[in-house]
Amino acid sequence: MKNKIKLALLLGLSLSFLGACNNQDTSSNPDIKNESTVSESENEVTDKREKITENKESNQVSKDKEKEEVDNKDLKTSEEKQDEENDENQLDQASIDKDKLFEEIKNENDKVIKVHMQTNIEDTYPDRKENASFIADPVYDENQNIIKGDTKKELSNGYLQEIKFVENDDSRAMILERQPGEEETSVSDVKIESYDIKPDYHRLVQAIMDMKDELEVSENADFYKLEIKDKAMDIIKYVQEEYIINVSDLDQDQIEKTIEVEIDKETKLLKKFALGLKPKVKELEGNKLTAETTLSDHELGN
């Protein structure tokens, strides 16, 4: 089978880049005064009576202990049942609130006018690995359209490109570029007519919205975590354009897919998007592709 799995970044300007048990001794040693007026036989009777009393007390203690263990067991069983019911209620609640949560996520992220993005990609083959990193600081208008954004791209083969916009001028940028195998860099002053980056922040948020029905929601103290369901199939289509993914000649069920999204619990802002693709066909054994975009320093508009 002739096939490739590719992931790349596309940068604007028509340039493709791709407990512990507390033991306490409670025994006491009281002073016992022996009286010589008690006969030996009376002492023996007294000893027998004391032994009987001790046996009775011991039996009673044993029965009390057994009862306590049974009560504790019943209590534990009751608590476990209550925990299970609580878990079920939480799952039901998560299902009920999912639409509301996604609506809040979309509304808050639509307010983002500037963000720092860092994408790292690793493309694994049986005989080698290829890496790429892409840093961007896009600026958007109130309609989520990109205005400008300084970027830096580095590939494992030595390629480097930096784009820096001229201050107070959204139509001009300086491009610094170094080709693989070379030490010198070239600098160009270019006029920008249209500008785009991939992955783009707002399109990535929209992709998450579009795949909502394919995602499961969990949470911890800091984040909402979104992951694709086990039976999710055609989810690549939602991010194919943003990450320039080509999986031609492979069916969806021939690809092992993972997507993990982190949403800040307090702000509802996107903090991470991670993607993994691995073919399940023998001919492509050893191939794997991973990409992770982290997002920080969000600035919100009015």
Side-chain angles (χ1 to χ4, degrees), residues 1-10 16-18 87 91 94-95 98 101-102 105 109 117-136 153-157 197-220 222-264 270-295:
M1 176 186 294
K2 185 177 180 180
N3 181 70
K4 293 182 179 179
I5 290 184
K6 296 180 180 179
L7 183 151
L9 294 167
L10 180 64
S16 297
F17 316 116
L18 293 167
D87 289 341
L91 290 174
S95 177
K98 187 176 181 181
L101 173 62
F102 273 73
I105 292 171
N109 282 276
M117 305 176 66
Q118 178 158 351
T119 299
N120 293 298
I121 299 167
E122 184 173 275
D123 207 348
T124 302
Y125 300 93
D127 59 343
R128 72 188 191 282
K129 288 185 179 181
E130 295 180 0
N131 299 284
S133 67
F134 179 58
I135 300 173
K153 179 177 179 61
E154 290 185 276
L155 304 181
S156 55
N157 64 2
I197 63 171
K198 292 187 177 181
D200 172 81
Y201 183 84
H202 287 290
R203 289 197 300 263
L204 201 55
V205 171
Q206 185 57 52
I208 295 169
M209 298 299 109
D210 293 340
M211 69 174 80
K212 178 182 69 174
D213 293 339
E214 306 291 344
L215 298 173
E216 293 179 328
V217 181
S218 61
E219 62 180 285
N220 57 32
D222 301 315
F223 299 103
Y224 289 107
K225 189 174 182 180
L226 315 179
E227 296 180 287
I228 57 173
K229 299 176 181 178
D230 291 338
K231 295 183 180 180
M233 291 297 292
D234 189 11
I235 55 91
I236 297 177
K237 64 182 180 182
Y238 298 111
V239 294
Q240 190 163 6
E241 289 299 319
E242 291 310 303
Y243 287 98
I244 318 300
I245 302 170
N246 177 18
V247 289
S248 58
D249 301 330
L250 279 181
D251 295 330
Q252 289 289 318
D253 58 0
Q254 293 179 304
I255 305 172
E256 180 182 317
K257 302 172 285 287
T258 61
I259 286 180
E260 182 179 313
V261 179
E262 286 186 358
I263 303 293
D264 186 274
L270 176 62
K271 301 295 288 186
K272 185 179 81 169
F273 186 97
L275 168 73
L277 300 176
K278 184 178 179 181
K280 296 189 288 186
V281 294
K282 186 175 181 180
E283 293 86 346
L284 293 174
E285 187 175 351
N287 286 262
K288 184 174 71 171
L289 181 150
T290 61
E292 181 175 301
T293 300
T294 56
L295 309 109

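- Residues Ile235 and Gln252 come closest through the heavy atom pair N-OE1, 4.0 Å.
- A 4.5 Å side-chain heavy-atom check between Tyr224 and Val261 finds every atom pair outside the cut-off.
- In this structure, CG on Asp264 lies 6.0 Å from CZ on Phe223, to the nearest 0.5 angstrom.
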Subject >> side-chain contact (heavy atoms from CB on, under 4.5 Å) between Leu289 and Ile245, intermediate numbers included >> reply: CA-CA 10 Å; Leu289 181 150; Ile245 302 170; 5.6 Å; no
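- Between the CD1 atom in Ile121 and the OG1 atom in Thr290 there is a gap of 8.5 Å [rounded to 0.5 Å].
- The shortest distance between side-chain heavy atoms of Asn109 and Tyr201 falls below 4.5 Å.
- Expressed to the nearest 0.5 Å, how far CD1 of Ile263 lies from CD of Glu219 amounts to 13.0 Å.
- Within 6.0 Å of CD on Glu285 lie no more than 12 heavy atoms contributed by other residues, nucleotides or ligands.
- Met117 and Pro199 get closest at one heavy-atom pair: CE-O, 3.4 Å.
- Here the side chains of Leu295 and Lys271 are not in contact, with every heavy-atom distance at 4.5 Å or above.
- The side chain to side chain contact (heavy atoms under 4.5 Å, CB included) check on Asp253 picks up Met233, Asp251, with sequence neighbours excluded.
- Counting heavy atoms from C-beta outward, Leu270 and Thr293 have side chains that stay 4.5 Å or more apart.
- When all heavy atoms of Ala207 and Tyr238 are compared, the closest pair comes out as CB-O, 3.3 Å.
- In this structure, Lys225 and Asn220 have side chains that are not in contact, with every pair of non-hydrogen atoms separated by 4.5 Å or more.
- Partners of Lys280 according to the side chain to side chain contact (heavy atoms under 4.5 Å, CB included) rule, which considers only residues two or more places apart in sequence or in another chain, are Glu256.
- Listed for the Glu122 side chain is no donor-acceptor partner under 3.5 Å among the backbone atoms of Asn131.
- Lys98 approaches Asp213 most closely through the heavy-atom pair NZ-CA, 4.4 Å.
- Using a 4.5 Å cut-off on side-chain heavy atoms (C-beta onward), Leu226 and Phe273 make no contact.
- Taking all atoms of both residues into account, the shortest heavy-atom contact from Ile197 to Glu242 is O-OE1, 4.4 Å.
- Checked by atom type and distance alone, the side chain of Lys278 never pairs as donor or acceptor with a backbone atom of Gly276 at under 3.5 Å.
- In this structure the side chain of Ile208 never reaches within 4.5 angstrom of the side chain of Ile105, judged on heavy atoms.
- Note: Asn287 CG to Ile255 CD1 = 11.5 Å, rounded to the nearest 0.5 Å.
- A distance of 9.0 Å separates CG of Leu155 from CD of Glu130, quoted to the nearest 0.5 Å.
- Distance check, rounded to the nearest 0.5 Å: CD1 of Ile135 to NZ of Lys153 gives 11.0 Å.
- Atom CG of Asp230 has 12 or fewer heavy atoms from other residues, nucleotides or ligands within 6.0 Å.
- Annotation for Lys229 and Leu215: closest pair CE-O, 3.7 Å, computed over non-hydrogen atoms.
- Counting heavy atoms from C-beta outward, Ser133 and Thr119 have side chains that stay 4.5 Å or more apart.
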**OP:** Given side-chain contact (heavy atoms from CB on, under 4.5 Å), test Ile259 with Met211 step by step and report yes or no.
**Re:** CA-CA 11 Å; Ile259 286 180; Met211 69 174 80; 4.0 Å; yes
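- Not counting sequence neighbours, the partners of Glu262 by the salt bridge (Lys or Arg N to Asp or Glu O under 4.0 Å) test are Lys272.
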